[in-house]
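One structure is given here, and the rest of the page talks about it.
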Amino acid sequence: MSKQTATTDESFADILPELDYWKIGLSLVVTFFFAFFLAPIWTGLVTSFKTSAAVTGTTPFAPPLGEGFTLQKWGRAIDHLSTGFVNSLVMTVPSTIATVFLGSTAAYGLTLVDWGERAQFSVLILFLVGIFIPYQAVLVPLSDFWINIFPLTEILAPVWELSFLEYDHARLLSLTITHVVYGIPICMLLFRGYYMTLSDELVEAAKIDGATITTIYRRIVLPLSKPMIGVVFIYQFTMIWNEFLFSLTLIGSSSSPAATVTLVLSGLGTDLSGIDFGLRMAGALFAALPTIIIYVLFAEQFAKGLASDN
């Protein structure tokens with residue numbers, strides 16, 4: 001063995017013991033799962049830019065090249081989903097804000113306000129029951145309520161005479177209210193877990209200074225709730241935006257002027273000739289944009305909320 005070879009072996013021998021095999025293994029595992037979860041997104045993205053011939057003639061992971069590349073799928077998807085996209089925004093934004101606010105106030109009243117331990121426990125049980133009621137169990141009574149008991153089309157008849165509204169938009173309003181009512185229990189539970197970690201001394205000191213229940217909530221509890229508001233807002237926005245069953249029950253048809261984006265998306269790219277996968281992938285990615293934007297905007301508050309909740 002030459003002197004140069006021996007020196008090289010000794011250098012490798014010096015390096016190997018210093019390697020952190022745990023970090024290397026962890027990096028490999030993280031890389032694997034990153035690629036595993038990124039693969040479907042990448043496949044959908046490249047498929048949305050492929051022609052129908054390229055979709056069937058190339059592998060799913062291969063990017064579109066040459067004549068196989070097209071922007072037509074995105075143009076058609078945006079054109080088909082634009083009305084449903086606006087309807088979903090009109091429904092999701094106010095219903096999310098309402099459920100976050102009402103869930104926060106309900107949790108405040110059940111956690112930091114003393115108005116009777118037994119009464120609070122009884123009301124808390126009612127909220128918990130509301131969380132575990134499945135969507136399928138309320139579809140028939142829900143439809144009957146909005147059609148026969150509380151028909152918004154008839155109650156707000158003058159409103160639908162406005163030029164930019166139609167009678168079908170009453171169903172969209174019904175859907176918005178339904179999401180608010182159905183979302184309050186789970187939002188309350190999330191906020192309650194956070195409020196139980198807050199210091200009682202702050203509330204007691206405010207009471208001694210003569211602050212009312214409303215003042216304590218507005219000046220102390222609400223500012224401290226910003227991290228959890230981010231968590232609940234992201235959760236509730238995503239749930240309402242992606243919801244399909246209530247939309248199908250209350251609105252009924254993807255051709256309705258009040259149809260939400262998920263309802264329209266369900267029939268996109270399907271006809272007698274088969275399924276247009278490129279169009280469907282473009283539509284799915286376009287419909288997912290608001291949730292991605294919400295995650296980006298509230299990412300910092302979301303991380304703080306999860307950290308403080310733990």
Side-chain angles (χ1 to χ4, degrees), residues 88-89 91-135 137-138 142 175-209 211-243 246 290-310:
S88 288
L89 283 177
M91 173 199 66
T92 305
V93 173
S95 57
T96 301
I97 294 174
T99 49
V100 170
F101 174 72
L102 294 175
S104 173
T105 53
Y108 169 65
L110 291 172
T111 308
L112 300 176
V113 179
D114 186 12
W115 49 276
E117 185 176 349
R118 290 185 178 180
Q120 285 179 306
F121 181 75
S122 300
V123 174
L124 178 61
I125 292 298
L126 293 177
F127 274 102
L128 294 178
V129 170
I131 295 175
F132 294 102
I133 297 178
Y135 283 15
V138 300
L142 181 66
L175 183 61
T176 303
I177 298 173
T178 299
H179 280 302
V180 172
V181 174
Y182 217 92
I184 290 175
I186 184 62
C187 291
M188 183 282 303
L189 188 64
L190 293 172
F191 274 112
R192 185 175 185 272
Y194 179 74
Y195 289 161
M196 292 180 68
T197 64
L198 296 181
S199 174
D200 294 334
E201 286 76 9
L202 290 174
V203 178
E204 294 300 326
K207 289 179 180 179
I208 294 174
D209 291 339
T212 63
I213 294 176
T214 305
T215 303
I216 294 173
Y217 175 77
R218 181 166 51 88
R219 294 188 177 181
I220 299 177
V221 176
L222 191 58
L224 293 175
S225 303
K226 289 182 180 179
M228 185 51 60
I229 288 176
V231 173
V232 178
F233 191 94
I234 289 177
Y235 170 81
Q236 193 63 13
F237 185 94
T238 304
M239 291 291 292
I240 296 176
W241 181 269
N242 293 328
E243 193 279 325
F246 282 162
T291 55
I292 296 174
I293 294 173
I294 289 297
Y295 270 97
V296 172
L297 292 178
F298 288 89
E300 183 178 355
Q301 297 297 332
F302 183 79
K304 290 181 179 178
L306 291 180
S308 59
D309 191 45
N310 292 330

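Please read these numbers as outputs of a predicted model, since none were measured by experiment. Just so you know, these numbers use all the heavy atoms, side chains as well, and skip hydrogens, waters and symmetry mates.
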* For the residue pair Phe246 and Tyr135, categorise the inter-ring angle as parallel (less than 30°), tilted (30 to 60°) or perpendicular (more than 60°). => parallel
* Structure fact -> In short, Phe191 meets Ala107 closest at the heavy-atom pair CB-CB, 3.5 Å
* Structure fact -> Rounded to the nearest 0.5 angstrom, the OG-CZ distance for Ser95 and Phe237 is 8.5 Å
* Give, for atom CD1 of Ile184 and atom CG of Leu102, the distance between the pair rounded to the nearest 0.5 Å. => 4.5 Å
* To do: Say whether Thr99 and Tyr182, considering side chains only, have a donor N or O and an acceptor N or O under 3.5 Å apart.
  => no
* Asked: In Å, rounded to the nearest 0.5 Å, how long is the span from CG of Leu175 to CE of Met91?
  -> 5.0 Å
* Looking at Cys187 and Gln236, what are the two nearest heavy atoms and their distance? -> SG-OE1, 3.7 Å
* Asked: Can you tell me if Ser104 uses its side chain to pair, donor with acceptor, with the backbone of Val100 under 3.5 Å?
  -> no
* For the pair Thr238 and Ile294, evaluate side-chain contact (heavy atoms from CB on, under 4.5 Å) and give the outcome as yes or no after the intermediate values. => CA-CA 9 Å; Thr238 304; Ile294 289 297; 5.8 Å; no
* Asked: Is there side-chain contact between Val93 and Trp241, with heavy atoms separated by less than 4.5 Å?
  -> no
* Structure fact -> Heavy-atom nearest pair, Pro134 first then Phe132, reads CD-O, 3.2 Å
* Asked: Take atom NZ in Lys226; do more than 12 heavy atoms of anything else shown fall under 6.0 Å from it?
  -> no
* Identify the two heavy atoms, one from Val181 and one from Pro185, that lie closest to each other, and give their separation to 0.1 Å. => O-CD, 3.4 Å
* **Separation of Leu128 CG from Ile186 CD1 (nearest 0.5 Å)** => 9.5 Å
* To do: Please check if the side chain of Gln120 supplies one atom and the backbone of Val113 the other of a donor-acceptor pair under 3.5 Å.
  => yes
* Asked: Got more than 12 heavy atoms from elsewhere within 6.0 Å of CZ, Arg218?
  -> yes
* To do: Hey, could you give me the CG/CD1 distance between Leu222 and Ile216, rounded to the nearest 0.5 Å?
  => 13.5 Å
* To do: Using a 4.5 Å cut-off on heavy atoms from C-beta on, say whether the side chain of Met188 contacts that of Leu124.
  => yes
* **Side chain Ser225, main chain Met228, donor-acceptor under 3.5 Å** => no
* Structure fact -> So CG of Leu189 and CD1 of Ile131: to nearest 0.5 Å the spacing works out to 4.5 Å
* Any side-chain heavy atom of Val123 sitting closer than 4.5 Å to one from Trp115? -> yes
* Answer whether the closest heavy-atom distance between the side chains of Leu202 and Leu224 falls below 4.5 Å. => yes
* Under 3.5 Å, is there a donor-acceptor pair between the side chain of Tyr108 and the main chain of Ile213? -> yes
* Any side-chain heavy-atom pair from Val231 and Tyr194 closer than 4.5 angstrom? -> no
